[in-house]
Amino acid sequence: MPPFPAVDPIPLPAPIWLFKLLHIVTLALHFVAVEMLLGGLLLAVVLSLFRGSAPAHVTARAIARRLTVVMTYVINLGVPPLLFAQVLYGRALYTSSILIGAYWISIIVLLMLVYRLLYRFTAQLEASRTAWPVGLLAWLLAGFIARLLSSNMTLMLRPEAWRDMYSASAAGRFLPTGDPTLTPRWLLMLAGGLFIGGLWLIYLSARSTFTADEKKFIAGFGGKVAALCGIVYLVAGLWANAAQPAPVRALLAAPPPGYGFYRYYALGGYVWLLLVVVAVLLAAYVGFARIAANWLAWAGALIALLVEIAFTVYRDAVRDLTLLSKGYDVWDRVVVTNWSVVGLFLVLFVASLGVVGWLVSVVARAKKPMEGAA
Ligand code: HEM
């Protein structure tokens, strides 16, 4: 009997390539926000330990003030890829979500806790009180949410494990262990957090709301963190790739006939590698020279975005080819495109991008107080 549930008889209302494109774009943006949260929070916790250093305190507080906003992006940019993933991979993703159901649903409570703790962390920094225990707790909970997401995204690729898990308990109370890809994949996201967090500091170092001394401190610290953690991120990426089962690595190198386009997808891996190396060199330059400049800030931000896009593309190829090797072809669906709905969706999508752009421009033009002011 095939391990996957029967396909929904209702056809898809839009071309599969469109769903996949929107999925990859929105998921890459979710990953940018997730990495800023995971890395920025840990860096703010570390900086808050240096209570005698004024620039360290100002930097920790500046990051913390932004983290509650970053959290809204983590959540809002998580919803679209969840919907697209359910459309494309529902038969695998729903099954794995049910198998870890109790943990999966607990993410909602954990998210609210993290949110609450982020506000408390910021308030304690504003009041110059000891803040690191609250910040660390928020980071541990966010890291656990990441672990749950990695668990589900890897369990959905292992239909061979589903029957035994469900026979052992139908209550959704098991977290899968024993998948060699799970821990490298989770650690890759955590290492990526510190790397992107460092690039975020390079970006912040060029903001006019910091004094010249603060800018030097932020550029020096952020640059060194991004350079060092970029190397760790690179190693974690190679490890996560090497941990993939041999048939999947073989398919990535030589996709089966009819699926040759995955060769271009797999190029995302090389692009990712190249971008991380460029970012490490740029960050090392910024970190050791302690230079804060607008062009370096924007270059760092652009590379961070491109790194996450390349990573998401490659990750998508790994998932599709893993599922293909187990009999699940994401392209094998009946499509009856409802062009009027697709057109309306695209118009609203572009309009909402315009509104967000306008909001960002309003924030950018607003007069802001200096970060060091009490
Ligand atoms: C603190 C909050 C969050 C953290 C730390 C986090 C972290 C992560 C991580 C690490 C992954 C990648 C897992 C892997 O592939 O190994 C991921 C994927 C994902 N996250 Fe989040 N996430 C958070 C919140 C959310 C929320 C609120 C949503 C949705 C409402 C969401 C939706 C998704 C989806 C849909 C994916 C995977 C999609 C796919 O593979 O197609 N996340 N997240």
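All heavy atoms count here, side chains included; hydrogens, waters and symmetry mates do not. Ligands are counted one by one from 1 in listed order, and the atoms in each one are counted from 1 as well.
Here the CD1-CD1 distance, from Ile196 to Ile303, works out to 10.0 Å after rounding to the nearest 0.5 Å.
Numbered from 1 in the order shown, with element, the atoms of ligand 1 that lie under 4.0 Å from a heavy atom of Ser150 read 13 (C), 14 (C), 16 (O). Interface of Phe31 with ligand 1, defined as ligand atoms under 4.0 Å from a residue heavy atom, comprises 11 (C), 12 (C), 17 (C), 18 (C). For ligand 1, the atoms lying closer than 4.0 Å to a non-hydrogen atom of Ala142 are 5 (C). Every atom of ligand 1 with a heavy atom of Leu111 under 4.0 Å away is listed here by number and element: 1 (C), 2 (C), 27 (C). Near Leu37, with a cut-off below 4.0 Å to any heavy atom, the atoms of ligand 1 are 1 (C). Below 4.0 Å from some heavy atom of Leu82 lie the following atoms of ligand 1, by number and element: 35 (C). Taking a cut-off of under 4.0 Å to the non-hydrogen atoms of Ala85, the atoms of ligand 1 that pass are 41 (O).
The closest side-chain donor-acceptor pair between Arg51 and Thr130 falls under 3.5 angstrom. Donor-acceptor pairing under 3.5 Å is lacking for the side chains of Arg163 and Ser167. A donor-acceptor contact under 3.5 angstrom links the side chains of Asp179 and Thr181, judged on distance only. With 3.5 Å as the limit, one finds no donor-acceptor pair spanning the side chains of Thr322 and Asp320.
For atom 40 (O) of ligand 1, the choice among Arg315, Arg147, Met156 with the nearest heavy atom turns out to be Arg315. The option with the heavy atom closest to atom 37 (C) of ligand 1, from among Gln86, Arg319, Met153, is Met153. One option in Met189, Arg185, Met71 has a heavy atom closer to atom 9 (C) of ligand 1 than any other, and that option is Met189.
Ring planes of Phe261 and Tyr259: tilted class, angle from 30 to 60°.
More than 12 non-hydrogen atoms from other residues, nucleotides or ligands lie less than 6.0 angstrom from OH of Tyr115.
A donor-acceptor pair under 3.5 Å links the side-chain atoms of Thr154 to the main chain of Ser151, judged by distance alone.
Geometrically, Arg91 engages Tyr328 in a cation-pi contact defined by less than 6.0 Å to the ring centre and at most 45° from the axis.
Taking a cut-off of 2.8 Å, the protein N, O or S atoms nearer than that to atom 21 (Fe) of ligand 1 are His30 NE2.
Other cluster members for Leu348: Leu344, joined by side-chain heavy-atom distances under 4.5 Å among Ile, Leu, Val, Met, Phe, Trp and Tyr. Val356 belongs to a hydrophobic cluster whose remaining members, ordered by chain and number, are Val360; membership requires side-chain heavy atoms of ILVMFWY residues under 4.5 Å apart, directly or through intermediates.
Scanning the protein for heavy atoms near atom 30 (C) of ligand 1, the closest one is Val79 CG2, 3.6 Å.
Close to ligand 1: Leu27, with a non-hydrogen atom less than 4.0 angstrom away. Taking a 4.0 Å cut-off on heavy atoms, Trp186 fails to register as neighbouring ligand 1.
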Would you mind writing out the side-chain donor-acceptor pairs for residues 279-301 within the sub-3.5 Å range, not counting sequence neighbours?
from   : atom 1 : to     : atom 2 : distance (Å)
Asn294 : OD1    : Arg207 : NH2    : 3.2

